[in-house]
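Report on the following structure.
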Amino acid sequence: MRIFKFGGASVKDAAGIRNVYEVLQIVGHEDVLLVVSAMGKTTNALEVVVKNYMDKSKELKESLQDVKKYHSEILLDLFEDDKHKVFSDVAAHFADMEYFLGHNKSPNYNFVYDQIVSYGELISTVILSHYMNYRSISTTWIDVRNFIKTDSTFRDANVDWEQTQKNISKNVKRKQLNITQGFLGSDENGFTTTLGREGSDYTAAIFAYCLNADSVTIWKDVPGVMNADPRYFENATLLNQISYREAIELAFYGATVIHPKTLQPLQGKEIPLYVKSFLNPKLPGTSVSKGADLDPQLSCFIVKKNQLLISLSSIDFSFIMEENISEIFALLHKYKMKVSLIQNSAISFSVCVDDKFGNFQELKATLSKKFKVSYNENVSLYTIRHFDDKASKMVEKDKKVLVKQISRETLQIVTLES
Ligand code: ASP
Ligand code: MG
């Protein structure tokens, strides 16, 4: 079985959905499972709905209306007959969402978030599934929440592999086209959970692992994995082949083309991963598989914007030692900071983090009891794998460098944006 993942950009409008059909015509759709994200920027739009709801904002209705309108325009474009069942199926999901908004009593932001934001994927897969049937490809729509079981860490749930493995091996049918939602799961009480933003790649890897799939293909709007993000660097080059290890490194440092959690399940079973263009499905794209000899010798550039550089020093000039550092890390973990660089000296300790959940103020208050805390917001972290002089000069040019760190394969630079 092959697993295909189609992200938000590939299904952002009616033309995108039609293109998925075209891609399937070219590459085949028997014995395939499609993992699909919410359409276009729907997840962001639903985040606005959640925020308005929690803030009891007057704009709640309008923000919800925007999401409905976006989907209904796509539907009207795809299906000639507005009596088609897809219209009532999509409307039923919106009605469920509104029912939840009307009856929910939980003040837990992350819980509410998952209950609402998940409709993006539920609706996109309903539309795609109906559209395939409409074009005479029969499909089985799967509610992923009956398959991927997680703990109750809303917005960043951890997979219960044992339960998930059981559900998937028992109930996913082969030899047909299955369509399911990326990014979602459910906890033991049956509440919807999500696996972290951009988590649909990970969903594809979970299914691949549990089904011993032949391969996973992530269909993208770029030709494959590039050595640099074309939005920030000129002359970005396609990497034809890389090892799991290199892919994990690139994803870990922030290359957004593959979600970092995706590689681990695949490499354990040596399931190949392809990253290909949904605009040119016949091109080979990038293949990720075993073997360090595949790795590119050219420099790879990764940029993470909007990072936070926190520096701690001891108030009384005492050393920052193991004990302090373990305490600092416990706090970083508690406040869900994703650490991407660490540097320390005798009396100071710096970390560059991604404050994905907006917890910095709380963290700062706690840290300030013990340390002198200084910080820079909105810094950028540049990582160069397989760096050379030319590459580092290019990145440093016209920027104020706050931290620079060199290891054998990797150069990292934290800069203030000018
Ligand atoms: N729709 C989710 C997001 O935008 C998951 C995904 O696209 O992978 O974060
Ligand atoms: Mg998305």
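Here, residue 1 is the first one in the sequence, and each next residue gets the next number. Just so you know, ligand 1 is whichever comes first in the structure, and atom 1 is the first atom listed for that ligand.
Residue contact annotation: G199 has a non-hydrogen atom under 4.0 Å from ligand 1.
The two residues Q165 and C210 have their closest heavy-atom pair at NE2-O, 3.0 Å.
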Cut-off 3.5 Å, no hydrogens considered: what does the side-chain donor-acceptor table look like for residues 87-94, sequence neighbours left out?
unit_1 : atom_1 : unit_2 : atom_2 : d
S88    : OG     : K85    : O      : 3.0
D89    : OD1    : K85    : NZ     : 3.0
D89    : OD2    : K85    : NZ     : 3.0
D89    : OD2    : H130   : NE2    : 2.8

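In S37, the part holding a heavy atom less than 4.0 Å from any atom of ligand 1 is the side chain. Counting heavy atoms closer than 4.0 Å to ligand 1, residue E121 contributes side-chain atoms (C-beta onward) but none from N, CA, C or O.
Closest heavy-atom approach to atom 2 (C) of ligand 1 among the candidates N44, V35, T43: T43. Considering each of H259, R197, Q181, the one bringing a non-hydrogen atom nearest atom 3 (C) of ligand 1 is R197.
With ligand atoms numbered from 1 in the order given, ligand 1 contributes 2 (C), 5 (C) to contacts under 4.0 Å with heavy atoms of F183.
Taking the six-membered ring where the residue is Trp, the centroids of Y232 and F301 are separated by 6.0 Å or more.
Y253 does not carry K304 over the face of its six-membered ring by the limits of under 6.0 Å from the centre and within 45° of the normal.
Each of V126, V144, V36, V32 was scored for a side-chain contact (heavy atoms from CB on, under 4.5 Å) with I179, with one residue passing: V36.
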